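Worksheet for the structure shown next.
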Amino acid sequence: MLRLLPILLCIPMAAASAAPPNVVVIYADDLGYGDVSCYGAKAGLTPNVDRLAREGLKFTDAHATSATCTPSRYAILTGEYPWRRKGTGILPGDAPLIIEPGRATLASVFKDAGYRTAAVGKWHLGLGDGRLDWNGPIKPGPLEVGFDECFIMAATGDRVPCVYVKDRAIVGLDPADPIEVRYDAPIAGEPTGKANPELLRLHPSHGHDMAIVDGVSRIGHMKGGAKARWKDEDMADAFTREAVEFIGRNKGRPFFLYLATHDVHVPRLPHPRYLGKSGMGPRGDAVVEFDWTVGEVLKALDEAGLTKDTLVLLTSDNGPVVDDGYRDDAVAKLGGHRPAGPWRGGKYSKFEGGTRVPFLVRWPARVKPGESKALVSQVDLLASLAPLVGPARPVATASDSQDHLRALMGEDAAGRDSLVEQGNGLALRRGRWKFIPASEGRKVAPATNTELGNDRAPQLYDLEADPGEARNVAAGHPDVVDRLRKELADAQAPRP
Ligand code: NG6
Ligand code: CA
């Protein structure tokens with residue numbers, strides 16, 4: 001007995017007592033670190049996100065793997081850095097599925113443990129195998145990579161097809177009005193934003209001049225499916241309803257819900273009940289709408305009596321952007337709001353604003369409310385959450401996913417030793433240092449006005465002394481630059 005004691009003492013008490021939780025991942029789109037009140041936006045903008053922060057653990061150095069959507073989503077689901085694979089950049093809406101059917105994912109880990117799993121909202125990881133007929137069964141898709149059910153849009157709000165897909169079929173499609181989708185050429189007879197600007201209610205500022213759906217021109221071309229087309233203003237309601245119903249249907253069994261909102265991506269057309277609520281135009285109103293979705297999910301958990309035993313994780317797929325291609329007043333109405341908070345850059349950028357995002361973990365049964373400076377990444381969720389539902393079995397294909405469950409639970413203050421960040425190129429974090437290799441390319445993206453992080457000279461920032469990456473100290477620390485350059489090269493080397 002005495003000999004057993006030290007072993008027993010090693011088991012953290014809370015961990016030993018908390019049963020495997022339900023898991024809800026709320027994945028915002030383009031929501032910046034500074035877009036929510038609990039991370040520095042004006043008070044009262046996001047009461048429901050703030051509730052999560054108050055009742056959970058707020059991370060201040062948590063990251064999407066990438067500064068755009070598809071690669072970050074690939075990583076959060078597969079546990080592999082996206083830049084290891086070709087074809088993981090921003091996908092068109094008719095791209096084939098980029099996760100191999102049957103591959104282990106964050107969802108399949110829970111499904112294999114007997115959880116009911118669902119994907120609701122934005123997918124943007126491709127559908128079909130390259131010969132997809134949108135009027136027939138849509139597969140492979142989420143159901144082939146670990147989800148029992150799904151209610152999704154294929155890509156983004158600004159890309160065709162502008163319809164919802166439930167499991168393997170377009171919702172509300174009339175067979176007499178089949179849908180055609182193409183990205184290589186216009187469809188004869190269909191108006192476009194470029195040719196017919198008089199038909200638009202929201203005009204592009206760059207790109208977005210192809211198919212017109214509901215008075216908004218998009219990327220790509222589509223024809224038909226008139227009754228199945230979404231209404232942008234109703235999209236948050238649709239995804240929220242599906243998420244809340246999923247929770248209600250499954251309250252008697254363990255579940256995993258991946259809720260990927262369209263907010264606050266373009267086109268920003270929140271429901272009219274949010275118009276003017278933020279005082280920052282449609283972008284801020286979309287933040288308010290996102291917060292409403294969060295509130296509805298929290299309410300559904302409260303009403304089902306599941307709050308204590310559900311792990312809710314809220315984060316974003318990449319940093320913020322203000323003008324992302326529509327004339328929606330976002331720049332003019334920004335005022336003093338800083339979407340990226342204290343970080344430099346934003347969406348598309350190698351600076352911290354590209355990947356450092358809000359990240360909240362609430363699980364009352366185990367996680368004590370507070371704040372954590374641990375370096376954590378979404379790529380680690382697979383290896384970190386898998387031990388909650390079974391003996392840790394390393395997933396070979398999740399090769400970049402490290403088990404940082406203790407950091408996520410607030411039991412380890414450090415997290416990762418290092419992290420590769422992907423903007424328009426790669427950068428490396430280690431300890432206090434941030435290294436960006438020398439790169440050609442524009443310093444500022446002309447359309448979005450984002451500082452991309454490119455410079456012909458290598459950049460080194462001391463994030464402890466200079467969190468805003470304002471002073472390049474590479475010249476003073478050639479040894480550190482060499483070490484980090486080598487480490488970044490090693491990280492990219494092909495592995496057995
Ligand atoms: C860009 C789009 C931008 C947005 C982005 C993807 C243009 C000019 N810009 O190409 O509006 O859709 O792709 O965003 O078309 S993401 O969050 O899904 O990565
Ligand atoms: Ca995004």
Side-chain angles (χ1 to χ4, degrees), residues 25-33 35 63-77 82-83 87-95 98 121-127 152-162 183 192-194 202-213 216-221 232 235 239 258-269 282-283 286-287 290 314-328 330-331 339-340 345-349 353-359 378 422-424 442 445-450 452:
V25 175
I26 303 176
Y27 208 28
D29 199 354
D30 297 3
L31 183 77
Y33 189 97
D35 274 328
H63 294 256
T65 59
S66 314
T68 53
C69 167
T70 299
S72 290
R73 283 160 206 259
Y74 176 88
I76 196 174
L77 289 182
W83 39 264
T88 54
I90 299 170
L91 293 178
D94 63 348
I98 58 169
K122 173 171 172 173
W123 184 239
H124 213 185
L125 291 163
L127 291 168
I152 55 170
M153 67 165 141
T156 61
D158 57 348
R159 283 175 176 73
V160 301
C162 299
Y183 275 73
T192 63
K194 191 167 188 185
L202 176 63
H203 291 262
S205 57
H206 46 272
H208 301 107
D209 60 358
M210 295 166 240
I212 300 177
V213 175
V216 181
S217 50
R218 324 262 169 165
I219 308 172
H221 300 278
D232 298 274
M235 189 177 279
F239 291 153
Y258 171 78
L259 169 58
T261 67
H262 159 67
D263 284 321
V264 299
H265 198 278
V266 294
R268 301 170 187 128
L269 292 161
R283 185 179 185 280
V287 173
F290 169 75
L314 180 149
T315 187
S316 177
D317 67 338
N318 51 251
V321 55
V322 183
D323 178 353
D324 206 16
Y326 288 98
R327 283 192 248 149
D328 60 7
V331 176
K347 183 176 182 178
Y348 310 112
S349 175
T355 63
R356 206 190 281 215
V357 285
F359 192 103
Q378 292 164 8
Q422 180 183 30
N424 61 325
R442 297 178 201 262
T448 59
N449 200 25
T450 310
L452 294 171

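Counting convention: from 1, in listed order, for ligands and their atoms alike. Everything quoted here is computed from the prediction, not taken from an experiment. Reckoned from all heavy atoms, side chains included, excluding hydrogens, waters and symmetry mates.
- Residue nearest to atom 8 (C) of ligand 1, selected from His265, His206, Lys122: His206 (by heavy-atom distance).
- Of the polar atoms of Ile219, none of the N or O atoms is found under 3.5 Å from an N or O of ligand 1, judged by distance alone.
- By the side chain to side chain donor-acceptor pair (under 3.5 Å) test, Asp317 is found to be paired with Arg73, residues two or more places apart in sequence or in another chain being considered.
- Heavy atoms of Gly325 come nearer than 4.0 angstrom to ligand 1 in no pair at all.
- Using modelled atom types, one side-chain atom of Arg283 and one backbone atom of Val321 make a donor-acceptor pair closer than 3.5 Å.
- In this structure His265 satisfies the side chain to side chain donor-acceptor pair (under 3.5 Å) test with no other residue, sequence neighbours excluded.
- Residue Asp158 has at least one nitrogen or oxygen atom sitting less than 3.5 Å from a nitrogen or oxygen atom of ligand 1, judged on distance alone.
- You'll find the side chain of Tyr27 reaches within 4.5 Å of the side chain of Thr315, heavy atoms only.
- Between Thr68 and ligand 1, no N or O atom pair is found at a separation short of 3.5 Å.
- Scanning all protein heavy atoms for the shortest distance to atom 9 (N) of ligand 1 gives His208 CE1, 3.8 Å.
- When all heavy atoms of Ala340 and Gly345 are compared, the pair lying nearest together is CB-O, 3.5 Å.
- Below 4.0 Å from some heavy atom of Tyr348 lie the following atoms of ligand 1, by number and element: 1 (C), 3 (C), 4 (C), 5 (C).
- Listed by number with element, the atoms of ligand 1 under 4.0 Å from a non-hydrogen atom of Asp324 are 3 (C), 4 (C), 11 (O).
- Under a 4.0 Å criterion applied to the non-hydrogen atoms of Asp29, ligand 1 contributes the atoms 17 (O).
- Under a 4.0 Å criterion applied to the non-hydrogen atoms of Val266, ligand 1 contributes the atoms 11 (O).
- Inspection of the environment of the Ca ion (ligand 2) yields the following protein N, O or S atoms under 3.0 Å: Asp29 OD1, Asp30 OD1, Asp317 OD1, Asp317 OD2, Asn318 OD1.
- The ring-ring contact (aromatic ring centres under 6.0 Å, His included) test applied to His124 returns no partner, not counting sequence neighbours.
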